[in-house]
**Q** 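Structure incoming, see below.
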Amino acid sequence: MEDVTPLERLEEHSREIEALARSIAVRAKAFGGEVGARPRIALVKQRLKIALDELEDYAYTVGDITDE
């Protein structure tokens with residue numbers, strides 16, 4: 001089994017979340033939204049905002065490191 005870093009896992013999960021969100025949005029446009037979806041989506045958005053805030057803090061901790 002290949003060693004996967006937390007950052008690599010984060011990247012992979014972010015791709016999965018993007019694809020899942022797109023699928024949910026397309027399905028909602030085509031067939032209508034699920035009952036009770038609004039508060040559940042609001043909770044997901046809140047969690048993602050918290051995660052983004054954590055990543056913003058990480059950027060300041062590491063500094064301006066680039067792959068160039």
Side-chain angles (χ1 to χ4, degrees):
M1 183 172 166
E2 183 179 325
D3 289 333
V4 179
T5 68
L7 187 54
E8 290 168 330
R9 288 181 51 218
L10 180 65
E11 288 175 318
E12 179 59 31
H13 287 299
S14 72
R15 285 189 287 273
E16 291 174 21
I17 290 168
E18 181 182 9
L20 185 56
R22 186 178 301 114
S23 171
I24 290 168
V26 167
R27 185 175 301 157
K29 288 177 185 175
F31 304 108
E34 283 186 40
V35 174
R38 190 178 306 259
R40 293 168 68 190
I41 289 173
L43 179 60
V44 170
K45 289 170 71 174
Q46 181 182 15
R47 288 177 178 155
L48 290 172
K49 183 184 179 324
I50 291 168
L52 290 172
D53 289 346
E54 290 292 330
L55 290 175
E56 188 67 26
D57 291 343
Y58 176 82
Y60 289 117
T61 302
V62 175
D64 292 331
I65 298 173
T66 62
D67 292 332
E68 297 178 54

**Q** Nearest 0.5 Å, what's the CG-CG distance between L55 and L10?
**A** 5.5 Å
**Q** Just to verify, what does E34 make a salt bridge (Lys or Arg N to Asp or Glu O under 4.0 Å) with, not counting sequence neighbours?
**A** R40
**Q** Through direct or indirect side-chain contacts below 4.5 angstrom among Ile, Leu, Val, Met, Phe, Trp and Tyr, which residues connect to V35?
**A** none
**Q** Could you work out, with side chain to side chain contact (heavy atoms under 4.5 Å, CB included) as the rule, every residue matching R15, not counting sequence neighbours?
**A** E11, E12
**Q** Applying side chain to side chain contact (heavy atoms under 4.5 Å, CB included), name anything that partners L48, two or more places apart in sequence or on another chain.
**A** I17, V44
**Q** Sequence neighbours excluded, which residues qualify as side chain to side chain contact (heavy atoms under 4.5 Å, CB included) partners of R9?
**A** V4, H13
**Q** Rounded at 0.5 Å granularity, tell me how far NZ in K45 sits from CD1 in I41.
**A** 8.0 Å
**Q** Got a sec, which residues hit salt bridge (Lys or Arg N to Asp or Glu O under 4.0 Å) with R22, two or more places apart in sequence or on another chain?
**A** E18
